[in-house]
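First the structure, in the form of structure tokens, and then the observations on it.
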Number of protein chains: 2
Amino acid sequence: MEPTKSELEILQVLWEHGPSTVRFVNDKLNEEKRAVQYSSTLKLMQIMAEKGIVMRDESSMKHIYSPAEPEDKTKSALLERFVDSMYKGSASSLVMQLFGNKNTSAEELSEIRDFLKNLD
Amino acid sequence: MEPTKSELEILQVLWEHGPSTVRFVNDKLNEEKRAVQYSSTLKLMQIMAEKGIVMRDESSMKHIYSPAEPEDKTKSALLERFVDSMYKGSASSLVMQLFGNKNTSAEELSEIRDFLKNLD
DNA sequence: TCAAAGGTAGGAAAAATTTCGTACGAAAAA
DNA sequence: TTTTTCGTACGAAATTTTTCCTACCTTTGA
């Protein structure tokens, strides 16, 4: 299913730090993003569990949440939807926009060139 | 400001077809996307005008709406926000994901290689 | 002229998303 | 044991976004 904006923030914490408690996620959000109440984060993560976006291990009192799908799979899906809706599915259009209007570091560029070279 | 999902759909019609009436945009949405009432599209476009996302020419009875910002500028901003939030700002990560997990056509690939070659 | 068609405006309702207060149970500390 | 701390659950409220009803005006065609 479709993660909402707030759900995505939570997923990102789980991706970065692995399976976590609500407390941990909430702390990270407050450190890295914005003020948010514990109960709000809890509620959101409960909803995500209902939707099947995350799995919940209830064996101990402190429930442990983890992403239901691998990070790559979710990100790919989101990226693909982004390309489809914004660039009519043209990956090259996206790349050109990405490097046309932005100043990307030389390292990044050569990294990409190498990557593309080895793609065949 | 931030276009919402529905607002983005409208912007895309305006980008593709140029300045348009509400009627025209609504028809396109119904053709290309989904069933939506004229008054819903009207309302949304009025809100977008208030927010400054689109400009409105009221000189004739049929108001003409056009994007307030150039397509590239808006798309770049959205893309940048996407990269920042999903790939911590790393354009190369995005590109690798884009081509790693997806089967991109050979044409697209060479197009991009050429593009990157001429970037310096 | 006058009805029909097509336009805008505005408000209210509906739906989706986000936030948080409160209750209550378990664990830990005093 | 008793109190405090820390956890979940639940429901309701607030906010944001989306949808559409209705009123009313202008243009067009019969």
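Naming convention: chains lettered A, B, ... in sequence-line order (proteins, then strands); numbering from 1 in each chain.
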Is the terminal nitrogen or CZ of A/Lys62 (NZ for Lys, CZ for Arg) located under 6.0 angstrom from the six-membered ring centre of A/Phe24 and within 45° of that ring's axis?
no

Any ion pair linking B/Lys88 and A/Glu16 (charged N to carboxylate O, less than 4.0 Å)?
yes

Between A/Met45 (CE) and C/dT19 (C1'), how many Å, whole number?
16 Å

Apply side chain to side chain donor-acceptor pair (under 3.5 Å) to B/Ser60 and list each qualifying residue two or more places apart in sequence or on a separate chain.
none

Rounded to the nearest 0.5 Å, what's the gap from NZ on A/Lys33 to CG on A/Asn30? Could you check?
12.5 Å

If I take atom NE2 from residue B/His63 and atom OG1 from residue B/Thr21, how far apart are they, to the nearest 0.5 angstrom?
11.0 Å

Has A/Glu80 got a side-chain atom pairing as donor or acceptor with A/Ala77's backbone, closer than 3.5 angstrom?
no

Atom CD of A/Glu9 and atom C1' of C/dT17 are separated, to the nearest Å, by 13 Å

Rounded to whole angstrom units, what separation is found between the NE2 atom of A/His63 and the C1' atom of C/dA26?
11 Å

Below 4.0 angstrom from OP1 or OP2 of D/dC6, is there any side-chain N or O of A/Arg23?
no

What is the distance from CG of B/Asp57 to P of C/dG7, rounded to the nearest Å?
16 Å

To the nearest Å, how far apart are B/Lys62 NZ and C/dA5 P?
15 Å

Quick one: does A/Ser76's side chain have a donor or acceptor within less than 3.5 Å of a partner on A/Thr74's backbone?
no

B/Met61 and B/Val54: same hydrophobic cluster, using ILVMFWY side-chain contacts below 4.5 Å?
no

Here the residues of residues 12-21 of chain B within 4.0 Å heavy-atom distance, strictly under, of DNA chain C are none

Which whole-number value in Å describes the distance from A/Leu42 CG to C/dT18 P?
15 Å

With side chain to side chain contact (heavy atoms under 4.5 Å, CB included) as the test, pick out the partner of A/Val22 among A/Met45, A/Arg56, A/Lys43.
A/Met45

For nucleotides 12-30 of chain D, 5' to 3', base contacts (B), sugar-phosphate-only contacts (S) and non-contacts (-) with protein non-hydrogen atoms under 4.0 Å give -----SBBBB-----S---

Would you kindly give the CD-to-C1' distance between A/Glu58 and C/dG25, to the nearest whole Å?
15 Å

From CG of A/Leu29 over to P of C/dC20, roughly how many Å is that when rounded to an integer?
12 Å

Is A/Gln46 near enough to D/dC10 that one of its side-chain N or O atoms lies under 4.0 angstrom from OP1 or OP2?
no

